[in-house]
Amino acid sequence: MEYNFREVEKNWQDYWAKNKTFAAKNDSDKPKYYVLDMFPYPSGAGLHVGHPLGYIASDIFARYKRLKGFNVLHPMGYDSFGLPAEQYAIQTGQHPEITTKTNIARYREQLDKIGFSFDWDREVRTSNPDYYKWTQWIFIQLFNSWYNPETNKAENISTLIEKFKVQSSKFKVGSAEKKYEELSEKEQSDVLLEYRLAYLSNTMVNWCPQLGTVLANEEVKDGVSERGGYPVERKLMKQWSLRITAYADRLLNDLEGIDWTESIKEAQRNWIGKSEGTSLTFKVENSDDVIEVFTTRPDTIFGVSFVTLAPEHELVSKLTTPEQKNAVDEYITFAKNRSERERMADVKKITGVFTGAYVLHPFTGKQIPIWLGDYVLAGYGTGAIMAVPGHDSRDYAFAKHFELPIIEVVAGGDLSKESYDAKEGKLINSDFLNGLEVKAAVKKAIEKIEEKGLGKGKTNFRLRDAIFGRQRYWGEPIPVYYENGIPKVLAENELPLILPEVDKYLPTETGEPPLARATGWKYKKHTPGPSQEGNGCEYEYSTMPGWAGSSWYFLRYMDAHNSTEFVSKKAVDYWQNVDLYIGGAEHATGHLLYVRFWTKFLNDLGLIPVTEPAKKLINQGMIQGVSSFVYRLVPVIEAKGDRDKGDKISNALRENLILVSKNRSELFNTGYGDYDWKDEELNKYLTEKEAKVRKEIDELEAKITYMYSALHVDVNIVSNNILDQNAFRNWREEYKNAILLTEENGDYICGNAVEKMSKSLWNVVSPDLMVEQYGADALRLYEMFLGPLELSKPWNTNGITGVSNFIRKLWRLYHIPSTNNEQQTPNFSVSDEPAVKPELKVLHKTIKKIISDIEGFSFNTSVSNFMICVNELTELKCNKREILEPLAIIIAPYAPHIAEELWSKLGHSESITYAAFPECKEEYLVESAFNYPVSFNGKTRFFQEYDLSLSKEAIEKEVLALEQTQKYLEGKTPKKIIVVHNKIVNIVV
RNA sequence: GCCCAGUUGGCGGAAUUGGUAGACGCGCUGGUCUCAAACACCAGUAGGAAACUGUGCCGGUUCGACUCCGGCACUGGGUACCA
């Protein structure tokens, strides 16, 4: 028997757990290194082979850093609040906590089998009260803070109140103006809510009726919910939000200083969407009202031919003339009822209405009509635009549709065909801007606008404040209660606010969130006061969104069991922030933006020393599944008239499922009666079935054609596209009696497609099976070997035999084959003789490559390099300790189990984890000669070895003297000879 | 539409600063072992009989281009009436 990975891997996993081999210390003389994975949501489906990809990469890096002498923090935990557990609870009544615990146990079991070097003592779970206590605590800090634009950071709200008092600020209450001290408690609360970083307000939210909750912009994709894919509509609601917009500029600027991929940075830049322009007011004709617009193209001011307001704009009803009132009201109703999704679906559809009112052009004084259009968004800028159809494609489309004038003010386009949006060209028809280039014109226009007091230069962001309340059960309760309608946060010593028990995980009959079902769940002050009387105060019934817990978890790992602080100063001063963060790119504008926001906020309060959560970020690619299909033959009836009868016919023909092998697709689209299925069973079956309905077919003059539809089939019963027919019949009841139309050799060939790996597509490959069959080391090596970490690639189990063979070859290097072949295992045999130069060269070449591969995150090439190394050492029949000991160390990050086993056999009693990574000694790599490729006009013809000490001139001379050179020269004289030392010789003819 | 990434054998992929294109592995073909199969081992494997041709397509720079520049196509991802 050879290498027994099952036994060896189990032993070492037990050893690591027992000895807490990977526990990180919070004080150490070693330099620190923090390697973090994005923690998973523990779903019921368990891990598939795609999940561990990033974990394996980070584990290799963490183990490498330990070998390099770093104190490494490499933790893991669970993002355990979330929708699936709650939906499961709604269906089954099972408490989400139970579901979550079960799923976590399964995840842990799967993770353990792969041999990760996580420090499990630091595990965090966001749904654990010990954890969410501090999530709530951070919320309270957000509530108690405002953003001071002067200091450009968050401060305690008390500094704002102080400011109000010092400046004697006045606040409008109804028609009166009062000082801050003169306001009632409620009025003060309302004023402060406009500044707090966590605040309650009436905002347009993304409401998802099916989920019964609101969603943040980042959770809505293509107009449907990211989770579940349900339609989302706009709705005005009182909601908790976080003022992330206060940090827009810093979130944007600080991207410069972090080593993240350009694509993620770009996605964040786009999401933040900074645009610089100017505000500009238009006076409404015969009224004191003005309409303020935001524009980035003030240079086109003389091209304005109308002004468009969002249907929700506050001035609409006031402006609208009596003649237009009906049309306007009708349009507003229409716009309101169009869901986000519809609006997006027909971007091309232009809708709008004229209000009957006019504004006056600020420079020419001309009348400009005011229109409503839903292409103008209420939530961006001022909800009103100046329309310049000549130089904005949306305005152009609107103008064309409603036959409004189009004025050319920038030369260079052809306005009869399309608008000219480019920001280059000279201004025309523009009074004082004529002749200027766009850039200069923008500047001049802003100057004039500011000079005349019409507006001023302004920056707008696309980023919206993050809606923070969710009308869900399975999340952190927001630590707020309402006293006389005033929202108040709990005292810190009242945390955690435990998620109460409810009878059902659904909204109440009156539409309140599930938490309103909790009986007797009321806030009572610890200290005596009005709320102590009676039943106490109502709590906030919304819970926090899924991203709350994940916005600071990287800090908790530093000090996971601290019961008095979210993280101790000492721990965070030591660990600072994440050195290497690995996770999926799908979090580009969600999690990765929020965690940056919270980090900056906590830094502002002086609680942590860093302003960014992660120095370096790597996005692992997705591992896609390869789905398999069977092709179902579907009779399609085209009947004239009677539809019911048509259905009856097709049902009769469909009684048994007919599945056609892929390569017999010539049979598809065959019509009724004119086929030969080349399959007796099927001919018989269909002839019988058709005979039964022949009368109806003829009566209806129906036409039958056979089409096919592809059905997903479990990839685990398909091997190399050949269906295991027995397993297939047993797989599902409806396939038991299916008629399988096979190839001539009896095989049923499946089709396939590369898709997302998902339970519903039946293409999931579980890591458990791979570990069981080939071992954890093989799985780890193979996942890395598949290709560059960042690239998406389809999973193909077949290739794993390659790395599995490699592991056996590696094992054999350290052993001599047993002579009496039967029972005995190969004998461990390593020689203490000094290594010879070729052996040392192989080793040190490999060390050099592995170091540069790991540090460049090129894990796929390092696996190749190990293979080359082992192949070469096998060729050299090398079994020297001097070579094999360092080899075990450099391979340990990738294949830790076999490395530990070999290490212990080499006579070490300690784990290989903290061995020293060998240095590359360049002296072994020095070559004395180089085999030069000799090329003619850039095409390599032959090779010639020359000593490296030879000068260029000498080589040139030698090459020309060669017989082969003369042959390729064909008697011509070379024009030029290029000799690149240690690289190439090129002869130009 | 805009932004980002990518396109190399039958497949996954490799190629340092512009310097031997196809490393390594899978698959395939042939062979050895075996009664046979599997495993294992050995040899071959970009195309072409060859001259030659080949890194998505067209063009450029260069002694020399997968690599640099200009244009285009396609694939994947992100984002979208953002004024």
Side-chain angles (χ1 to χ4, degrees), chain A residues 2 221-223 261-271 273-275 277 293-297 300 308 310 343-344 346-350 373-377 379-388 391-395 397-398 421 460-464 585-586 588-589 619 621-622 624 720 754 781-782 785-788 790-806 808 849 852 856 858 860-869 871 931-943 974-989:
Chain A
E2 287 208 327
K221 305 263 148 146
D222 301 325
T261 57
E262 199 46 43
S263 63
I264 294 278
K265 288 191 188 182
E266 201 56 31
Q268 294 213 345
R269 285 188 199 113
N270 291 338
W271 191 262
K274 184 175 184 169
S275 68
V293 303
F294 173 76
T295 178
T296 56
R297 295 294 302 275
T300 61
T308 317
R343 277 174 68 163
M344 281 202 276
D346 31 65
V347 167
K348 297 267 141 54
K349 194 171 161 191
I350 294 147
D374 70 356
Y375 77 100
V376 177
L377 304 178
Y380 184 77
T382 58
I385 59 150
M386 60 177 223
V388 184
H391 307 283
D392 181 288
S393 52
R394 295 153 303 176
D395 296 341
F398 196 86
D421 295 13
N460 253 335
F461 291 97
R462 200 192 76 106
L463 185 71
R464 308 282 82 175
E586 67 272 21
T589 52
N619 299 115
M622 229 185 2
Q624 292 139 319
N720 290 325
V754 173
L781 287 169
Y782 187 53
F785 189 58
L786 275 178
E790 286 101 325
L791 247 58
S792 288
K793 54 239 158 187
W795 178 263
N796 173 12
T797 300
N798 288 337
I800 199 170
T801 54
V803 292
S804 181
N805 285 343
F806 160 74
R808 284 210 292 270
K849 283 190 170 156
S852 77
S858 176
N860 54 328
T861 52
S862 36
V863 178
S864 303
N865 284 321
F866 284 129
M867 288 173 171
I868 294 167
C869 175
N871 287 344
N931 199 16
Y932 284 88
V934 181
S935 54
F936 292 78
N937 293 335
K939 275 170 196 151
T940 308
R941 296 300 183 186
F942 62 91
F943 293 88
K975 280 184 196 153
K976 198 172 170 188
I977 299 177
I978 290 129
V979 178
V980 184
H981 196 248
N982 211 0
K983 284 263 158 71
I984 201 167
V985 177
N986 191 21
I987 299 170
V988 187
V989 185

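Each chain gets a letter, A, B and so on, in the order the sequences are listed, and its residues count up from 1.
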Tell me, for nucleotides 26-33 of chain B in 5' to 3' order, what letter each nucleotide earns: B for a base near a protein heavy atom under 4.0 Å, S for only sugar-phosphate near one, - for neither? S-------
Quick one: closest heavy-atom pair of Thr382(A) and Phe294(A), and the distance? OG1-N, 3.9 Å
Taking atom C1' of U62(B) as reference, at what distance in whole Å does atom NZ of Lys975(A) sit? 14 Å
With Watson-Crick and G-U wobble geometry limited to distances under 3.5 Å, how should the secondary structure of RNA chain B be encoded in dot-bracket form, using | for bases paired to another strand and [ ] for crossing pairs? (((((((..(((......[....)))((((((.......))))))((....))..(((((..]....))))))))))))....
In whole angstrom, give me the gap between the C1' atoms of A46(B) and A14(B). 15 Å
May I ask you to verify if any side-chain N or O of Tyr782(A) is less than 4.0 angstrom from the OP1 or OP2 atom of G25(B)? no
Phosphate-side-chain proximity, Arg462(A) and A80(B), N/O vs OP1/OP2 below 4.0 Å: yes
State, to 0.1 Å, how close Ile984(A) and Ser935(A) come at their nearest heavy-atom pair, and which atoms those are. CD1-OG, 3.9 Å
With Lys983(A), which residues qualify under salt bridge (charged side-chain N to carboxylate O under 4.0 Å, His left out), at least two apart? none
From CD of Glu266(A) over to C1' of U79(B), roughly how many Å is that when rounded to an integer? 11 Å
Those residues at least two apart in sequence (or on a different chain) that pass salt bridge (charged side-chain N to carboxylate O under 4.0 Å, His left out) with Arg269(A) are Glu262(A), Glu266(A)
How far does the C1' atom of G12(B) sit from the matching atom of G59(B), given to the nearest Å? 32 Å
What integer number of Å spans the C1' atoms of G13(B) and A21(B)? 13 Å
Distance test, side-chain N/O of Ser275(A) to OP1/OP2 of A83(B), below 4.0 Å: yes
For G9(B), does the glycosidic angle fall within 90° of 0 (syn) or outside that (anti)? syn
Whole-angstrom distance between A49(B) and G1(B), as gauged at atom P: 43 Å
Of all the heavy-atom pairs spanning Asn860(A) and Pro788(A), show the shortest one and how long it is. ND2-N, 3.5 Å
If you look at every strand shown and take non-hydrogen atoms under 4.0 Å, does Glu262(A) touch a base, only sugar-phosphate, or nothing? nothing
Sugar-phosphate only, base, or nothing, as touched by Pro788(A) at under 4.0 Å among non-hydrogen atoms: sugar-phosphate
Of the non-hydrogen atoms in Gln268(A) and Ala588(A), which two are nearest, and what is the gap between them? NE2-O, 2.9 Å
Could you work out the separation of G10(B) and U55(B) based on their P atoms and round it to a whole Å? 13 Å
Separation of His981(A) atom NE2 from G64(B) atom C1', in whole Å? 19 Å
Is the phosphate of G12(B) approached by Lys793(A) (side-chain N or O, under 4.0 Å from OP1 or OP2)? no
Please give, in whole Å, the distance from G64(B) P to Phe936(A) CZ? 15 Å
If we take the C1' atom in both U67(B) and G76(B), what is their distance in whole Å? 22 Å
Taking the inter-plane angle between the rings of Phe942(A) and Phe936(A) on a 0 to 90° scale, is it parallel (under 30°), tilted (30 to 60°) or perpendicular (over 60°)? tilted
Return the orientation label for the Tyr375(A) and Phe398(A) ring planes: parallel under 30°, perpendicular over 60°, tilted otherwise. tilted
For the residue pair Asp395(A) and Ala387(A), what are the closest heavy atoms and their distance? OD2-CA, 3.3 Å
For atom P, what is the distance between G48(B) and C3(B), given to the nearest Å? 42 Å
Rounded P spacing from U16(B) to C11(B) in Å: 23 Å
Could you tell me the separation between the OG atom of Ser792(A) and the CG atom of Leu786(A), rounded to the nearest 0.5 Å? 11.5 Å
Run the side chain to side chain donor-acceptor pair (under 3.5 Å) test against Arg808(A) and tell me which residues pass, sequence neighbours left out. Asn805(A)
Taken to the nearest whole Å, CG/Asp392(A) to C1'/C81(B) is 9 Å
Residue Leu791(A), side-chain heavy atoms: nucleotide from U79(B), G13(B), C3(B) that is nearest: G13(B)
Rounded to whole Å, how long is the line connecting atom CD1 of Ile987(A) with atom P of U62(B)? 21 Å
Would you kindly give the NZ-to-C1' distance between Lys849(A) and A15(B), to the nearest whole Å? 11 Å
Between protein and nucleotides 16-24 of chain B, map the contacts as a letter string: B base, S sugar-phosphate only, - none, heavy atoms under 4.0 Å, written 5' to 3'. ---BBS-BB
How many whole angstroms separate atom CE of Met386(A) from atom P of A83(B)? 13 Å
If the cut-off is 4.0 Å, is Arg394(A) near the phosphate of A80(B), judged by side-chain N/O to OP1 or OP2? no
Which is true for Arg464(A) with a 4.0 Å heavy-atom rule: it touches a base, it touches only sugar-phosphate, or it touches nothing? nothing
For Asn982(A) versus Tyr932(A), what's the shortest heavy-atom pair and its separation? N-OH, 3.0 Å
